[in-house]
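Any value given below was found using the heavy atoms of this structure, including those in side chains, with hydrogens, waters and symmetry copies removed. Worth saying up front: this structure is predicted, and the values here are computed from it rather than measured.
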Amino acid sequence: MLERLREHIVRHLRQCVQRRFDLTVEEIAIEVPPHVELGDLAFPIAFQLAQWLRQRTGQKYNPRALAEAIAAELPPMQEIARVEVAGAGYLNVFLDRARLLLGLQQPETAPEPSGEKIIVEHTSINPNKAAHIGHLRNAVLGDALVRLLRWSGARVEVHNYIDNTGVQVADVVVGFKYLEKKDRAEIEAIPGKFDHYCWDLYARVTAWYEENPEALELRRQTLSEIEEGGNPTAELAEYISMRVLNDQLDTVERLGIYYDLLPRESEILHLKFWDRAFELLKAAGLVTYETEGKNRGCWVMRLPSEEETGAREDEGKVLVRSDGTVVYTGKDIAYHLWKLGRLGVDFSYRPFRRYPNGHTTWITTSEATADGAPPEFGRGSAYLSVIGSEQTYLQRFVKEAVRALVPDPRVERSAHIAYEKVALTPRACLELGIELSPEELERQQISMSGRRGLGVKADDLIDKLEEKALGEVRARHPELSEEGARRLAHQIAVGALRYFLLKYTRTTAIAFDFTEALSFEGETGPYVQYAVVRARSIFRKLQEAGLSRHPLGPEQIPEINRFLNEHDDLWALLYLAARLGEFAHQACEHYEPAILAKYAFQLAQRFNTFYHSYHILSEGDPLVREVYLAITEAVCERLARALELLGIEVPEMM
RNA sequence: GCACCCGUAGCUCAGUUGGAUAGAGCGUCGGACUACGAAUCCGAAGGUCGCAGGUUCAAGUCCUGCCGGGUGCACCA
């Protein structure tokens, strides 16, 4: 409802300026004053106006006087209590507090469905090892974006790209065949979390290569057998990668993350996606065959800007190697063209997983689609790919290729959602028992490395969080059953982890610290969850005590206003709750869930202060008590909604 | 060498398309549980927003240069 009011005021301001100064204004900035006493909405329009008028007439104008003039022209509105000019020329608007409170009691109207389908790709961990917390940052970020986009009215299709024919899978195959000398049956007999087993094996293979460089030939040979398909090595790779994938999906399922489709690189290869994309690229003149230089025999793509600036000849990206094989960026171009329906070919599909909540995740296959009717995948209105910022350079080639081949605005709305990695502090490494070189000990951060087996495994961290949360729950609720306590501990652990990974903006490299990640106090998920739990318990107590509610109505507006106008702190809390949509919208627009996470924390903080300084249930004045309850209700609902958009559940008790 | 990201309190980080007196958490010190659950709250100390110029009514925010850190510039992904 706040959005509508804001738009309404902006419209009036635009008319005022048009009428009074004969100026057409496109964008009118809306701000929120730094303090309640200054008002609820601020318009710095007089500053801009003074500038425009000076440019037009050459005369100087006083912003304050201009603001006064506009204020005088603004027609009265029911939702607005008064308008003031403040500071050097701010036009400040004070809302009618009681009307906003009553308005918030109505359920929030959902944004209009836009009918667009946005394809979000995230997680995309190589299927050769367990996920570490860096991978979780990707998954949690992607999942929050999915939730935000759905909230904004879009249809979202969630992809987790599976690079099942790459070097990393080949490395683990090499490890099983040549290092461990295990046959298929022995590998299948390995018990427990297979991805954890591969985590160690992968690190051992990397170390082995370093000592025996000739073994790299085994990797090359294995990789080409996997790419070719239809041989025992490829079948082994298929078994390994699919088993690891299942384990990875178990891990993210613990956080409540699901996918619609798992597009596999093997199908991109075998279903001739690349061949089609290659034809298009050649026809558009985007790739050139190099006849000399270091890239002799390769097909190379150059960025348009490099051509304009006459960059050095050796720049550009090899898409096809001299042996005819395709690099990842090439396959990624094909995949992204398919996402927008530009390729003219399609995958076949089969159901891969059915979850207890009824969700089905599909996977691509080369066989004709057999069981079940898959939904229509691809043909998106835009795509968003959550990929680490270290790949920004390569993603530029993907974007440029798609831009050149898909001549419509969908490409401009598609984007690489870049985020910085999660690194370990030297202290965290020591806690993990990882040995560091002297120069590494000097550094502030140590990058995680799957190759080195250096990192915090996602499952291990979740285990630790659940264990710690369980201890806290048992201490507070000894009466709970084992199952009940575990469920609460799980919700709290997920809340802590998701919030921890989302509170940092995407451009911040997270320095992972166990103490901070395992904290349930201060700026954490559990802090916000606790605020909602407290709020809800008030309503439970209310019912238990058999107390009745006296719903507020329009006839009480003057009385409510008399009370709220004397309590700026209550109003500040209520107003912040009302601004949920504004923050969610911003988070969605900037692909930055941290904006919403910060909001949720701030709202929880203000609620806790309120909870502490006002006693709701024992309030004697029925109207005042009802106002307290209405505020609590409004805050509680917005907090829970914000958490939901971040993928965090609210426990029944804490 | 070139490109991108970062530099804000002791530590970890926010700071919306430039807007009013730069904020939060952690840590430190001192307080608050016989009232809706203390995973909470209140108070205190803590700042040359890396440095130097520039743009303007207004700069932590935009531009230029420098310093410091990270990442990329593969016929790896």
Side-chain angles (χ1 to χ4, degrees), chain A residues 27 29 31-35 38 42 44 47 50-51 54 60 62-63 86-90 92 124 126 163 166-168 223 265 294-300 311-312 315 317-323 325-329 331-332 388-394 396 418 420-421 423 443-445 447 469 472-473 475-477 492 496 503-511 513 515-516 519-524 526-527 529-531 533-535 537-542 545 582-583 586 589-590 592 594-595 597-598 601-602 605 608-609 611-619 628 632 653-654:
Chain A
E27 293 286 315
E31 291 168 18
V32 175
H35 298 289
L38 290 170
F47 301 111
Q51 201 177 356
R54 195 181 55 163
K60 277 201 173 181
N62 180 358
Y90 284 98
N92 289 345
S124 306
N126 262 295
D163 184 4
V167 219
Q168 298 208 20
L223 181 61
E265 189 174 84
K294 68 166 191 174
N295 291 333
R296 192 153 63 102
C298 300
W299 286 86
V300 175
R312 296 200 308 276
E315 288 195 9
K317 176 69 192 161
V318 170
L319 296 187
V320 181
R321 302 182 185 101
S322 53
D323 65 0
T325 57
V326 194
V327 303
Y328 168 74
T329 307
K331 289 174 258 191
D332 213 27
S389 57
E390 72 275 8
Q391 290 200 44
T392 301
Y393 177 72
L394 293 180
R396 279 183 60 202
E420 292 293 328
K421 56 179 66 170
R443 301 176 64 162
Q444 295 177 330
Q445 299 184 349
S447 290
E472 302 280 345
V473 169
R476 289 169 173 77
H477 305 283
I492 293 163
K503 73 174 176 178
Y504 302 95
T505 51
R506 287 186 284 115
T507 54
T508 298
I510 300 179
D513 182 89
T515 318
E516 247 179 273
S519 171
F520 298 153
E521 290 166 20
E523 194 188 348
T524 65
Y527 178 98
Q529 290 173 317
Y530 186 53
V533 168
R534 285 172 127 186
S537 83
I538 291 171
F539 293 100
R540 201 179 50 237
K541 284 274 146 111
L542 190 75
E582 185 188 327
F583 286 92
Q586 254 182 53
E589 202 155 71
H590 298 283
E592 192 63 276
I595 293 173
K598 293 278 174 190
F601 174 66
Q602 207 192 337
Q605 220 174 7
N608 275 333
T609 304
Y611 179 90
H612 191 262
S613 43
Y614 294 84
H615 201 265
I616 299 163
L617 293 180
S618 62
E619 172 58 44
Y628 290 163
T632 303
M653 59 181 98
M654 279 181 82

Student: Mind checking if A:A423 touches a base, just sugar-phosphate, or nothing, with heavy atoms under 4.0 Å?
Tutor: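 The answer is nothing, as A:A423 stays clear of every strand by at least 4.0 Å.
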Student: In the strands shown, is B:rA59 matched to any nucleotide by a Watson-Crick or G-U wobble pair with both distances under 3.5 Å, and which?
Tutor: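 Its partner: none found.
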Student: Taking OP1 and OP2 of B:rA77, is either one under 4.0 Å from a side-chain nitrogen or oxygen of A:Y328?
Tutor: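 Negative; the distance criterion is not met.
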Student: Please indicate yes or no: is the ring centre of A:H612 less than 5.5 Å from the centre of the six-membered base ring of B:rU40, with the two planes inclined by under 30 degrees?
Tutor: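 No, the aromatic ring of A:H612 does not stack with the base.
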Student: Looking at B:rA20 and A:H35: do their rings stack (centroid distance under 5.5 Å, interplanar angle under 30°)?
Tutor: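 Check failed, A:H35 does not stack on base of B:rA20.
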Student: Just by distance, with hydrogens left out, do A:N608 and A:Y530 show a side-chain donor and acceptor under 3.5 Å apart?
Tutor: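 Not at all, the side chains of A:N608 and A:Y530 share no donor-acceptor pair under 3.5 Å.
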Student: Taking any strand in view, what nucleotide pairs with B:rG30 in a Watson-Crick or G-U wobble way, both distances under 3.5 Å?
Tutor: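 Paired with B:rG30, as far as the under-3.5 Å criterion goes, is B:rC42.
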Student: For B:rG1, give its Watson-Crick or G-U wobble partner with both distances under 3.5 Å, or none.
Tutor: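 Matched B:rG1 with B:rC73 under the 3.5 Å cut-off.
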Student: Provide the distance between the two P atoms, one in B:rU8 and one in B:rA45, to the nearest whole Å.
Tutor: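 Rounded to whole Å, the distance is 23 Å.
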Student: Provide the distance between the two P atoms, one in B:rA74 and one in B:rA58, to the nearest whole Å.
Tutor: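 Each nucleotide's P atom is 46 Å from the other's.
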Student: On a whole-Å scale, what distance lies between the C1' atoms belonging to B:rU16 and B:rA52?
Tutor: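 That atom pair is separated by 28 Å.
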Student: Go through the side-chain N and O atoms of A:S389 and A:T392 and say whether any donor and acceptor fall under 3.5 Å apart.
Tutor: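 Short answer, no.
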Student: Please report the distance separating the C1' of B:rU21 from the corresponding atom of B:rC13, rounded so that it comes out in whole Å.
Tutor: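 Nearest-Å result for B:rU21 against B:rC13 at atom C1': 22 Å.
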Student: Quantified in whole Å, what is the P atom distance between nucleotide B:rC63 and nucleotide B:rG18?
Tutor: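 10 Å, rounded to whole Å.
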Student: Across all strands shown, which nucleotide pairs with B:rU64 by Watson-Crick or G-U wobble geometry, both distances under 3.5 Å?
Tutor: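 Per the H-bond distance test, B:rA52.
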Student: Whom does B:rA9 pair with, Watson-Crick or G-U wobble, provided both distances fall under 3.5 Å?
Tutor: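 Result: none.
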Student: When the P atoms of B:rC41 and B:rC26 are compared, how many Å lie between them, rounded to an integer?
Tutor: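 Comparing P positions in B:rC26 and B:rC41 gives a spacing of 8 Å.
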Student: Please give the distance between the C1' atoms of B:rC49 and B:rA59 as a whole number of Å.
Tutor: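 Those two atoms are separated by 11 Å.
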Student: Could you let me know what B:rA14 is paired to, Watson-Crick or G-U wobble, both distances under 3.5 Å, or none if it's on its own?
Tutor: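 Result: none.
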Student: For B:rC5 versus B:rA44, give the span between their C1' atoms, rounded off to a whole number of Å.
Tutor: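 Comparing C1' positions in B:rC5 and B:rA44 gives a spacing of 37 Å.
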Student: Can you find a side chain N or O atom of A:T505 that sits less than 4.0 Å from OP1 or OP2 on B:rA14?
Tutor: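 The answer is yes; a side-chain N or O of A:T505 sits under 4.0 Å from OP1 or OP2.
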